[in-house]
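Below is one structure; the comments refer to it alone.
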Amino acid sequence: MYGNDNWINSYLDAILDAGKGAAAAGGDRPSLLLRERGHFSPARYFVEEVITGYDETDLYKTWLRANAMRSPQERNTRLENMTWRIWNLARKKKEFEKEEANRLLKRHLETEKPRLDVTADMSEDLFEGEKGEDAGDPSVAYGDSTTGNTSRISSVDKLYIVLISLHGLIRGENMELGRDSDTGGQVKYVVELAKALSSCPGVYRVDLLTREILAPNFDRGYGEPTEALISTSFKNFKQERGENSGAYIIRIPFGPKDKYLAKEHLWPFIQEFVDGALSHIVHMSRAIGEEISCGQPVWPAVIHGHYASAGVAAALLSGALNVPMVFTGHFLGKDKLEELLKRGRQTREQINMTYKIMRRIEAEELALDASEIVIASTRQEIEEQWNLYDGFEVILARKLRARVKRGANCYGRYMPRMVIIPPGVEFGHIIHDFDMDGEEDGPSPASEDPPIWSEIMRFFTNPRKPMILAVARPYPEKNITTLVKAFGECRPLRELANLTLIMGNREAISKMHNMSAAVLTSVLTLIDEYDLYGQVAYPKHHKHSEVPDIYRLAVRTKGAFVNVPYFEQFGVTLIEAAMHGLPVIATKNGAPVEINQVLDNGLLVDPHDQHAIADALYKLLSEKQLWSRCRENGLKNIHQFSWPEHCKNYLSRISTLGPRYPAFTSNKEQIRAPIKGRKHITVIAVDSVSKEDLIHIIRNSIEVIRTENLLGLTGFVLSTSMTIAEIHSLLISAGMLPTEFDAFICNSGSDLYYPSRSGDTPSNSRVTFALDRNYQSHIEYHWGGEGLRKYLVKWASSVVERRGRIEKQVIFEDSEHSSTYCLSFKVVNPNHLPPLKELQKLMRVQSLRCHPLYNHGATRLSVIPIHASRSKALRYLSVRWGIELPNVVVLVGETGDSDYEELFGGLHKTVILKGEFNTPANRIHTVRRYPLQDVVALDSSNIIGIDGCSADDMRSALKQLGITTQ
């Protein structure tokens, strides 16, 4: 074991996670810690002495002192090696902390001025409510109020709600919580939320969309396309039900069929999920409409994404269907990044490599852009976590909400409503073995103790002592090692109580993830060091259904629940403990502060202070009146965290949204488009070629379809950043008719046109272009319009090329190529363009929700609505005209505009045209926030590359994709 470098490094990582405070809390300890029963203990010495402080001088002196104190026989080269390693890690940590401090200062300076600019833009007509009168009113600050809001969903009746949670193992019963890092509290939460909502009056159907998993060694149930969820045990309201009513888990196939993927590896397949989910939602909306709405589709009242990956999916689906989006972040990426950087053991690049953290943060920013409502568990989550994001700022949110309330001009700016709705808990099947005074009622003589009780009590020498219960997966941030040290070093507490650690399920430590294995090994080492055998239980297995019985056992022994992570996002386990009448000791960092304000059922402690943890546990367990009062308060106040209360708040919020639905269902706009009857669609979206080569590609594409006798079955769509006038001019100059295409996606996806001939005879006919105004109603969501244009013009004047003392502006407004939903700017020197991510950041800081992109070889900047893009326009076409996306082929070049990566993902086929005709990659693609492979599955069977763009090359590609058989 000691010779395993990987294990040692993981061990050091786990101990480092305890932080400086945890190690230092013990103060000066006697030298007997260096020896145990006359023998030197390397592990104990390392835990107790070496990491006492992170000052490298102290570490070095400690190491020298240890060598001086030991006899030659006691020298342990392994210990010396480990000491040098921790010294090196501490130095690296200090360097990372300095770098991070500089980065945070730079970020503050970057965001402060733009936000001051926003205030200045709106300062000329501020009302008193914005100047501070409502500063303390959360309903103004976050929009967390229903006062004065009128329900826009008709009587909140017969709603269809879509929830999305993509990662982990999701099923309705016997959830395998703790099987891996992705199958935890969020899985339990979304399943119970779906059940609870479906039991509410006015809710007809709830779909929980997740991934279909057909991988070996996983239960076959995870591969079932549909699973009906049994309604929650609280009052089930009577209402008319149909075949499609209720709550369901819908599993959408995406990604490798035979592989289970961790959440960090789902990103390249999100668009594939979106296409599959879109098909399901359209089908189900129409099916529900046949049952309850006289054949009119019942579109989702909301699409609710859970976690960053589902946030991206929900944003894309919301845009495609024009329905409101709601988002719950759960554990936010910026918070995770800050935590990892503070540990100081990985650089930002290393963190991104492991966790795809930049993709995750961008997904959360996109969710802020697209959401109507963001649900947080606590005020702290809003003010300290969401406030880290470019797209949200508490003070600006308050100002904008105040302006909205009085109908004032926001100059195109928008922020989603932040609402606080604590998670609910399931109250069914709770058995209380004590009355409210804490006296034991006891089970009936015929009842038997649950099997999990004996599995836990077999660890104890005296199982009658009060049981301290901790339920947490073995991750460093859960701080389990500090809890064990607190218990082990406090003799009175050891004599009073037992400790039970429920740390997920495991087969063998050697098969666990490195970090989890290191934490668990540290725990077992501490148990051995403090000789806690007979006093600590750590069962290997438990079922999800047995968790209530574990709480009951702790209550039966008049024990306590302890949850002391360094930071707690919410802490559903605290609510569950209170629900069972179990007093709690909880971390003072995060949501438990607000939970305890409501429940008043325990004590809060500093998670870094092991003595404070031990003292609080001893106080709670030894003072019977305090224990009984905490138990009584928890049971009395727990109703505020029930699922009915949660759903009531949830539905009251979404009742203020909408109605939004696919505009084309109103049938107000009649367009005759040949695309509706096509079996196959070829989309030409090649940006990286000259106009001459583009015409060449178009001609060859049409020629291949003609020679394969597929011309009547195949339609063509040109997808480009050009305007419709530029397209018309290009085709006419090449002697081609625009009517050879079924549709034109132009202005980078902000406009959609259908060509047609008008006139009685060929001699007097002319081509006209019908603008799809229904598509415009989809993409106009929070479009900044004139306010956005004015700000962009101001920004463009600040982008200059400097030559000595001479400054030359490089970006100018381009009215000729602008349209209602596309603001165009000419770039005269692409070499001086700011990175696109900087412009996107600036727009978000300004609360201007838009989609900026560079095109035309970085000689043009287009700013379009957040729900507009070429890939989104294609998805819209598929829904409106009933096009099967697997029958769509998209042709792209080797490089392209800044939306290039979006053209790959999904169920459609993609052909990459390679060759010298492609222009070299330009600045557009050298400033990505994350690698292309993080968002595109380049090894997908739906993506192929061909060398050349001749008719034969394309014919070969279509054959590979199964479009033709020749």
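Quick note: residue numbers are just sequence positions, from 1.
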Side chain Ser371, main chain Val374, donor-acceptor under 3.5 Å: no
So CH2 of Trp299 and CG of Leu159: to nearest 0.5 Å the spacing works out to 16.0 Å
Partner set under ring-ring contact (aromatic ring centres under 6.0 Å, His included) for Phe825, not counting sequence neighbours: none
Which atom pair, heavy atoms only, marks the closest approach of Ala578 to Asn601? CB-ND2, 3.3 Å
With a 3.5 Å distance limit and no angle check, can you tell me whether Arg849 reaches the backbone of Gly391 through a side-chain donor-acceptor pair? yes
So, using side chain to side chain contact (heavy atoms under 4.5 Å, CB included) as the criterion, who are the partners of Ser165 when residues are at least two apart? Ile170, Gln186, Val190, Leu208, His306
Do the charged groups of Lys837 and Glu362 touch, with an N to O distance under 4.0 Å? no
Do Arg413 side-chain atoms and Gln846 backbone N/O form a donor-acceptor pair below 3.5 Å? yes
Tell me every residue that passes salt bridge (charged side-chain N to carboxylate O under 4.0 Å, His left out) with Lys188, counting only those two or more places apart in sequence or in another chain. Glu192, Glu576
Closest contact, heavy atoms only, Leu317 versus Ala277: CD1-CB, 4.0 Å
If we ignore hydrogens and angles and just use 3.5 Å, is the side chain of Thr328 paired with the main-chain N or O of His330 as donor and acceptor? no
Is there a side-chain contact between Ser847 and Tyr414 in this structure, where contact means two heavy atoms from C-beta onward sitting under 4.5 Å apart? no
Check whether Ser318 reaches the backbone of Val323 with its side chain - one donor and one acceptor, N or O, closer than 3.5 Å. yes
Please name all residues satisfying salt bridge (charged side-chain N to carboxylate O under 4.0 Å, His left out) with Asp934, sequence neighbours left out, ordered by chain then number. Lys356
Return all side-chain donor-acceptor pairs below 3.5 angstrom for residues 591-598, not counting sequence neighbours, or 'none' if the list is empty.
from, atom 1, to, atom 2, distance (Å)
Glu594, OE1, Arg379, N, 3.1
Glu594, OE2, Arg379, N, 3.2
Glu594, OE2, Gln380, N, 3.1

Is any side-chain heavy atom of His782 less than 4.5 Å from a side-chain heavy atom of Glu372? yes
Return yes if some donor-acceptor pair links the side-chain N/O of Asn589 with the main-chain N/O of Phe567 below 3.5 Å, else return no. no
In Å, rounded to the nearest 0.5 Å, how long is the span from CG of Asn352 to CD of Gln350? 11.0 Å
Partners of Ile866 by side chain to side chain contact (heavy atoms under 4.5 Å, CB included), sequence neighbours excluded? Leu366, Asp369, Tyr781
I'd like to know if the side chain of Gln271 reaches the main chain of Glu902, judged simply by a donor and an acceptor atom lying under 3.5 Å from each other, with no hydrogens or angles considered. yes
With sequence neighbours excluded, residues passing side chain to side chain contact (heavy atoms under 4.5 Å, CB included) with Ala612: Asp609
Applying ring-ring contact (aromatic ring centres under 6.0 Å, His included) to Tyr650 and not counting sequence neighbours gives His304
Side-chain (Glu383) to main-chain (Val394) donor-acceptor, under 3.5 angstrom: no
Pairwise distance CG(Leu368) to CZ(Phe392) - rounded to 0.5 angstrom: 8.5 Å
CD1 (Ile421) and OG (Ser652) are apart, to the nearest 0.5 Å, by 6.5 Å
I'd like to check Thr482 versus Tyr566 (side-chain heavy atoms, cut-off strictly below 4.5 Å). Are they in contact? yes
Specify the closest pair of heavy atoms between Leu337 and Arg348, including all atoms of both residues, with the distance to one decimal. CD2-NH1, 3.2 Å
Stacked cation flag Lys336 on Phe331, 6.0 angstrom / 45 deg: no
In chain order, what residues pass the salt bridge (charged side-chain N to carboxylate O under 4.0 Å, His left out) check against Asp182, with sequence neighbours excluded? Lys263
Any donor and acceptor pair, going by atom type alone, linking the side chain of Glu365 with main-chain N or O of Tyr389 inside 3.5 Å? no
Can you find a heavy atom in the side chain of Ile864 that is under 4.5 Å from one in the side chain of Tyr821? no
With sequence neighbours excluded, what pairs up with Glu568 under the salt bridge (charged side-chain N to carboxylate O under 4.0 Å, His left out) test? none
Under the criterion side-chain contact (heavy atoms from CB on, under 4.5 Å), which of Val326, Ile303, Leu651 is the partner of Ile161? Leu651
Looking just at side-chain N and O atoms, do Thr656 and Arg417 make a donor-acceptor pair shorter than 3.5 Å? yes
Not counting sequence neighbours, which residues clear ring-ring contact (aromatic ring centres under 6.0 Å, His included) with Tyr355? List them please. none
To the closest 0.5 Å, what do you measure between OG1 (Thr354) and CG (Leu340)? 8.5 Å
What are the two closest heavy atoms between Ala868 and His851, and how far apart are they? O-ND1, 2.9 Å
Return the minimal non-hydrogen interatomic distance between Pro565 and Asn479, and the atom names on each side. CA-CB, 4.0 Å
Apply side chain to side chain contact (heavy atoms under 4.5 Å, CB included) to Asp600 and list each qualifying residue two or more places apart in sequence or on a separate chain. Asn633
When you measure from the side chain of Arg844 to the backbone N and O of Asp390, does any donor-acceptor pair fall under 3.5 Å? no
